[in-house]
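These notes are about the structure you will find just below.
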Amino acid sequence: MKIVAADVVVTSPTRNFVTLKVTTDEGVTGLGDATLNGRELSVAAYLKEHVVPLLLNRDPANIEDTWQFLYRSGYWRRGPVTMAAIAAVDMALWDIKGKVAGMPVYQLLGGASRRGLSTYGHASGRDLPELFDSIRHEKEHGFTAIRVQTSVPGIKALYGVAAQTQASGERYDYEPAQRTALPVEEDWDTRAYLRHLPGVFEAVRNEFGPELALLHDGHHRMTPLQAAKLGKDLEPYDLFWLEDCTPAENQDALRLVRQHTTTPLAIGEVFNTIYDIKDLISEQLIDYVRCASTHFGGITPLKKVMDFAAVYQVKSGFHGPTDVSPVGLAAQMHVGMAIHNFGLQEYMEHSPTTNSVFEQSLTFVEGLLHPGDEPGLGVELNEEEAAKYAYQAAYLPYNRLADGTVHDW
Ligand code: EZ4
Ligand code: CO
């Protein structure tokens, strides 16, 4: 078989997505996700200008060889743009292999290790009643693990807190990227956050009892010492994990955090290759790998990093925000089905408009996600629908402290 076409589709059904569609001479097609939130067109150009010409006439069956070829022949390795582009090719080739074999991709990765993937949902609130309402809603929806984000007195806009009123029954809908000409400026005060958060978790535990798994995302904002203190302060509330407590560029920071707290740690959504995370795993400084198929180079490296992590009892907690497209989500669901050391899958759910563009075979029943048993990844692109939604520039926000200093967002 030969690759005869590779098309880059940019569509914006409520948010931007970049998708690669690879076509073989036998008419088999495969999809890959190349969405890099806020920097989408850079990956589209990388693919169109520099990768698509290299794919034509290649044998789509040779996934490992194609991955190594794209990674090594580029010479300038790693980085989110390069690795999202390679990820899209990798996913599309696994999709094709599955379709040719007549099997879902998880079968090709070793078969199912579980009935489905345990997931966590998102809850947030500007005050406790709103937060409790949001948690109740997620529980009713089937989630047995819930990420809790809350406003902090004195901070106007805060990561992870839905702006809309959380009227009962309304789906939680937090989306950080805004379709604005410039990134939105938010504010931040670490000391106010550290004072406020433990009380919120105490209230949530008292209200919902010991069984509900609770998670929290620190979004890379703390120093190692601040993160260590937060981890200690949250120990009584038995978090499932504390995510991204320190900036991900400096992995040494987690050594200090780890020495001071038994709160489980998760990191990795901005990591691109195993070199970003190998020491965190082998030194057992983290408990969950947050890498996403799309930003980590695809299915091939995600499976490898999890097999490496298994040696150290480190589990998966793949990043599943809405900016990972249904194709990227499917790719990591198949990995999650197959590996032994699966931990928890983040599931934010895509909008109905997004789901009209990406037709999916996934199921979500009583908190368990399953990619379905269609051959390949189980996602098809409805190109007519996709064409209705033109790209719209969107940016992630950024933070400033009270004195005007830029802070990690
Ligand atoms: O800010 O995916 O755990 N989830 C997150 C996300 C990220 C967005 C960035 O594109 O941290 O909300
Ligand atoms: Co995060």
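We use all heavy atoms of the structure for the numbers below, so side chains are in, but hydrogens, waters and symmetry mates are not. One-based numbering, in listed order, for ligands and for the atoms of each. Fair warning: this is a prediction, and the values are worked out from it, not measured in the lab.
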At a 4.0 Å threshold, what atoms of ligand 1 neighbour a non-hydrogen atom of [X]?
{"X": "D217", "value": "3 (O), 4 (N), 5 (C), 11 (O)"}
{"X": "R147", "value": "3 (O), 4 (N)"}
{"X": "R290", "value": "3 (O), 4 (N)"}
{"X": "P321", "value": "2 (O)"}
{"X": "Y159", "value": "1 (O), 3 (O), 4 (N), 5 (C), 6 (C), 11 (O), 12 (O)"}

Write out the residue and atom name of the closest protein heavy atom to [atom], then the distance separating them to 0.1 Å.
{"atom": "atom 11 (O) of ligand 1", "answer": "E269 OE2, 2.7 Å"}
{"atom": "atom 1 (O) of ligand 1", "answer": "H219 NE2, 2.8 Å"}
{"atom": "atom 8 (C) of ligand 1", "answer": "D323 OD1, 3.5 Å"}
{"atom": "atom 4 (N) of ligand 1", "answer": "H319 NE2, 3.0 Å"}

(request) Indicate if the distance from the Co ion (ligand 2) to the nearest N, O or S atom of D244 falls below 2.8 Å. (result)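 No, outside the cut-off.
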(request) Verify whether the ring centers belonging to F132 and F208 lie closer than 6.0 Å. (result)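 They qualify: ring centres under 6.0 Å apart.
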(request) Locate the shortest heavy-atom distance separating K315 from M306; write the atom from each residue and the value. (result)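 Heavy atoms only, the tightest pair is C-CE, 3.4 Å.
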(message) To check you understand the geometry: which heavy-atom pair defines the closest contact between V43 and V81, and what is its length?
(response)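 What the structure gives for the nearest pair is CG1-O, 3.9 Å.
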(message) Below 3.5 Å, N or O to N or O, backbone or side chain included: is there any such pair between W409 and ligand 1?
(response)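 N/O-N/O distance below 3.5 Å does not exist for this pair.
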Output the distance between atom [atom1] ([X]) and atom [atom2] ([Y]), rounded to the nearest 0.5 Å.
{"X": "Q68", "Y": "I86", "atom1": "CD", "atom2": "CD1", "value": "9.0 Å"}
{"X": "D233", "Y": "E235", "atom1": "CG", "atom2": "CD", "value": "8.5 Å"}
{"X": "E346", "Y": "D217", "atom1": "CD", "atom2": "CG", "value": "8.0 Å"}

(message) For atom 10 (O) of ligand 1, which of the options L36, D244, N37, T322 provides the nearest non-hydrogen atom?
(response)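 Heavy atom nearest to atom 10 (O) of ligand 1 belongs to N37.
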Starting from the Co ion (ligand 2), look over the N/O/S atoms of [X] and name the nearest one.
{"X": "E243", "value": "OE2"}
{"X": "E269", "value": "OE1"}
{"X": "D217", "value": "OD2"}

(request) Could you tell me whether R221 sits above the aromatic face of Y159, with NZ or CZ closer than 6.0 angstrom to the six-membered ring centre and within 45 degrees of the axis? (result)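 Relative to the ring axis of Y159, which defines the angle, R221 lies outside at least one limit.
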(request) Verify, without hydrogens or angle tests, whether Q332 (side chain) and H319 (backbone) share a donor-acceptor contact under 3.5 angstrom. (result)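 Yes; judged by distance alone, with no hydrogens or angles, the pair exists.
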(request) Indicate yes or no for a side-chain donor-acceptor contact from H334 to the backbone of Y106 under 3.5 Å, with no hydrogens or angles considered. (result)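 Indeed, once roles are kept as given, a pair shorter than 3.5 Å links the two residues.
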(request) State which residue, out of F143, W241, F240, fulfils the ring-ring contact (aromatic ring centres under 6.0 Å, His included) condition with Y120. (result)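 The single option meeting the ring-ring contact (aromatic ring centres under 6.0 Å, His included) with Y120 is W241.
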